[in-house]
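Scroll down for the structure; my scribbles are underneath it.
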Amino acid sequence: MLPETLQPDAILGRRSRLQARLKAAKRAFTTRRVNFDDCARLIRSNVTPRTGDLVLARVASVGQHGRIENIHGRRGALFVGDEIVVAYGNRYAPDQFEAYVPTDMSSCHLVAGGGVAAMMKTRHSAMKMPTVIEPVGLIADADSLPINLSRYALPSHPLKKRNRPYTIAVAGSSMNAGKTTTVASIVRGLTLAGLKVGTAKLTGTGSGGDLWSMIDSGAATAIDFTDAGHASTFGLSGIALSLISERLLGALSDDAVDVAVVEIADGLFQKETANLLEIARDNGWFDTVIFAAGDAMGATFGVNWLIERGHNVTSISGLVSASPLASREAEIATGMHVATIAELTDPIEVTKLVFPEMETKRKVA
């Protein structure tokens, strides 16, 4: 006879108790695609966390991230003793933290409000110490296999060139250069022009802020790398970056959008950003690139970097566009127009900026 702990009723009871516990916990944005009906047990012994693994953790001390973004986008306050459901992942954020997935289940940090667990290595001097979390256990299925975000990724299929929408990529000089504002403004302008616009953030750290911004601007579809099964893209191989991009661009193609506007996180010196831009060039994924920069020097370097690598850069935008003087410096240095938010949100002006002349006439007619 099976011991009581292995009886079917006992197993079902344990699973029910765990699911009730997970339901009561604060569930982060990065976990929004997970089917929690699959969660059956917690495992802690003899396991090494992997990128994308789900973990139930307890807040030990509240630091830089005093709030956690839930699956609906609300940022709820954290308190010592709270249980949270987050995913392991690396973090690359020059303005915040550099962090890596730990090698064991010891205490680590909440390094992103969207729900990323990692061990901080370095931090920006303006940042507080990170929020400390104590893993209770990896969340596993009935077969004791850790539940990973990759299990719930969008389906993968080859990206067909013949039905790929006209694709505009927004890259930038650094974090906080104005990429997301640029994307949202383009979406707004093209939507007002009568086009069905889809958006995707191809790289970065899991957070819903950019997606909500895209949706608020009128995007018919807004997806990101978490929909492809990743809490973060820092440290991923070129193959993994390619698969993420193909999943997301393929999903936009399936949704039959007229135009796709995609954002690439961080700056050109970030390894994954540079890698993805070269992969995209080799595959012909982007019809045009708009470069977001914080100043004229960054704009000049970025535009030259992209052009040297064969990208079709059509304009500059970002924080530099807020300053007429800095914009003039950038235009003199690059010979390229610096587009303001007002221009990007204007249906006529934005189509002039992002489409070739004949494409503009055909799309806006």
**OP:** Check the pair Arg41, Ser144 against side-chain hydrogen bond (donor to acceptor under 3.5 Å, both in side chains), reporting the backbone distance first and the verdict last.
**Re:** CA-CA 7 Å; Arg41 61 182 304 173; Ser144 296; 2.9 Å; yes
Original post:
In the single-linkage hydrophobic clustering (I, L, V, M, F, W, Y; side-chain heavy atoms under 4.5 Å), do Ile139 and Ile68 co-cluster?
Top reply: no
Subject >> Cluster link Ile341 to Val261, ILVMFWY, side chain under 4.5 Å >> reply: no
Subject >> Point-to-point distance, once rounded to the nearest 0.5 Å, from CG of Leu236 to NZ of Lys271 >> reply: 10.5 Å
Original post:
Going from OG on Ser253 to CD on Glu246, what distance comes out if it is rounded to the nearest 0.5 angstrom?
Top reply: 11.0 Å
Original post:
Do Phe286 and Asn312 have side-chain heavy atoms sitting under 4.5 Å apart?
Top reply: no
**OP:** With sequence neighbours excluded, tell me which residues meet side chain to side chain donor-acceptor pair (under 3.5 Å) with Asp38.
**Re:** Tyr152
**OP:** Give a yes or no on whether the backbone of Val111 and the side-chain of His109 come within a donor-acceptor separation of less than 3.5 Å.
**Re:** no
**OP:** List the atom of Ala118, the atom of Pro102, and the distance in Å for their closest heavy-atom pair.
**Re:** CA-CD, 4.1 Å
**OP:** Check for a donor-acceptor pair, side chain of Gln64 on one end and backbone N or O of Lys128 on the other, with a separation under 3.5 Å.
**Re:** yes
Original post:
Do the side chain of Asn70 and the main chain of His72 share a donor and acceptor less than 3.5 angstrom apart?
Top reply: yes
Original post:
How many angstroms lie between CG in Leu110 and CD1 in Ile133, if you round to the nearest 0.5 Å?
Top reply: 5.5 Å
Subject >> For the student: nearest non-hydrogen atoms of Ala222 and Ile215, plus distance >> reply: CB-CG1, 3.6 Å
**OP:** State, to 0.1 Å, how close Gly114 and Ala28 come at their nearest heavy-atom pair, and which atoms those are.
**Re:** O-CB, 3.3 Å
Subject >> side chain to side chain donor-acceptor pair (under 3.5 Å) partner of Asn176, chosen from Asp95, Asp266, Thr181 >> reply: Asp95
**OP:** Take atom CE of Met336 as the centre, draw a 6.0 Å sphere, and report whether it contains more than 12 heavy atoms from other residues, nucleotides or ligands.
**Re:** yes
Original post:
So, Arg91 side chain and Ala99 main chain: donor-acceptor pair closer than 3.5 Å or not?
Top reply: no
**OP:** Taking the side chain as every heavy atom from C-beta outward, state whether Asp53 and Val101 have any pair of such atoms under 4.5 Å apart.
**Re:** no
Original post:
Short question: side chain of Ser327, backbone of Val320 - any donor-acceptor pair under 3.5 Å?
Top reply: yes
Original post:
Should Leu241 and Glu272 count as side-chain neighbours, where that means a heavy-atom distance under 4.5 Å?
Top reply: yes
Subject >> Trace of the side-chain hydrogen bond (donor to acceptor under 3.5 Å, both in side chains) decision for Arg33 with Thr226 >> reply: CA-CA 8 Å; Arg33 293 184 65 88; Thr226 61; over 6 Å; no
Original post:
Ser185 versus Thr345: any side-chain heavy-atom pair under 4.5 Å?
Top reply: yes
Original post:
If you measure from OG on Ser232 to CG on Leu149, what distance do you get to the nearest 0.5 Å?
Top reply: 11.0 Å
Subject >> Backbone of Asp255 reached by a side-chain donor or acceptor of Lys196 within 3.5 Å >> reply: yes
Original post:
For the side chain of Asn283 and the backbone of Ile279, is there at least one donor-acceptor N/O pair under 3.5 Å apart?
Top reply: yes
**OP:** Take Met127 and Phe97 through the side-chain contact (heavy atoms from CB on, under 4.5 Å) test and state the conclusion after the steps.
**Re:** CA-CA 8 Å; Met127 293 294 104; Phe97 299 121; 4.1 Å; yes
**OP:** Check ring pair (Phe, Tyr, Trp, His ring centres under 6.0 Å) between Phe269 and all other residues, then give those that pass, not counting sequence neighbours.
**Re:** Phe301
Subject >> For the student: nearest non-hydrogen atoms of Thr191 and Gly218, plus distance >> reply: OG1-O, 3.6 Å
**OP:** Examine Phe29 and Val59 and state if one hydrophobic cluster contains both, with Ile, Leu, Val, Met, Phe, Trp and Tyr joined whenever side-chain heavy atoms are less than 4.5 Å apart.
**Re:** no
**OP:** Evaluate the criterion side-chain contact (heavy atoms from CB on, under 4.5 Å) for residue pair Thr167 and Leu252; output intermediate values, then yes/no.
**Re:** CA-CA 10 Å; Thr167 303; Leu252 296 182; over 6 Å; no
Subject >> Same apolar cluster: Leu195 and Val354, side chain cutoff 4.5 Å >> reply: yes
Subject >> Flag side-chain contact, heavy atom, 4.5 Å: Leu353 against Thr314 >> reply: no
**OP:** Locate the shortest heavy-atom distance separating Ala339 from Leu344; write the atom from each residue and the value.
**Re:** CB-CD2, 3.8 Å
Subject >> Arg247 side chain vs Asp227 backbone, donor-acceptor pair below 3.5 Å >> reply: no
Original post:
Going through the distances and angles, do Val116 and Val86 end up as a side-chain contact (heavy atoms from CB on, under 4.5 Å)?
Top reply: CA-CA 6 Å; Val116 178; Val86 294; over 6 Å; no
Subject >> Any donor-acceptor N/O pair, Glu343 side chain to Thr340 backbone, under 3.5 Å >> reply: yes
**OP:** Look at atom CG of Leu325 and say whether more than 12 heavy atoms of other residues, nucleotides or ligands are closer to it than 6.0 Å.
**Re:** yes
Subject >> Pro165 to Val257 - nearest heavy-atom pair and separation >> reply: CB-O, 3.4 Å
**OP:** For side-chain contact (heavy atoms from CB on, under 4.5 Å), just list the numbers for Ile307 and Phe291, CA-CA rounded to whole Å, side-chain angles, deciding distance to a tenth of an Å, and then say yes or no.
**Re:** CA-CA 11 Å; Ile307 291 174; Phe291 190 71; over 6 Å; no
**OP:** Indicate yes or no: does Asp287 engage Arg164 in a salt bridge with an N to O separation below 4.0 Å.
**Re:** yes
Original post:
What pairs of residues pass the ring pair (Phe, Tyr, Trp, His ring centres under 6.0 Å) test when at least one of them lies in residues 224-255, not counting sequence neighbours?
Top reply: Tyr92-Phe234, Tyr100-Phe234
Original post:
So do the side chains of Arg309 and Leu268 get within less than 4.5 Å of each other, counting heavy atoms only?
Top reply: no
Original post:
Side-chain contact, heavy-atom cut-off 4.5 Å: Gln19 with Arg15?
Top reply: yes
Subject >> Test item: Arg151 and Leu54 side chains (from C-beta on) under 4.5 Å apart, heavy atoms >> reply: no
Original post:
In Å, rounded to the nearest 0.5 Å, how long is the span from CG of Leu154 to CD1 of Ile223?
Top reply: 6.0 Å
**OP:** Assess whether atom CZ of Arg123 is packed by more than 12 heavy atoms of other residues, nucleotides or ligands within 6.0 Å.
**Re:** yes
**OP:** Starting at CG of Leu56, measure out to CZ of Arg27 and round the result to the nearest 0.5 Å.
**Re:** 12.5 Å
Original post:
Under a single-linkage definition using a 4.5 Å side-chain heavy-atom cutoff for Ile, Leu, Val, Met, Phe, Trp and Tyr, are Met175 and Leu277 assigned to the same hydrophobic cluster?
Top reply: no
Original post:
With the threshold set at 4.0 Å, does a side-chain nitrogen-carboxylate oxygen contact exist between Glu349 and Lys352?
Top reply: yes
Original post:
Can you check whether His65's main-chain N or O pairs, donor with acceptor, with Thr131's side chain at less than 3.5 Å?
Top reply: yes
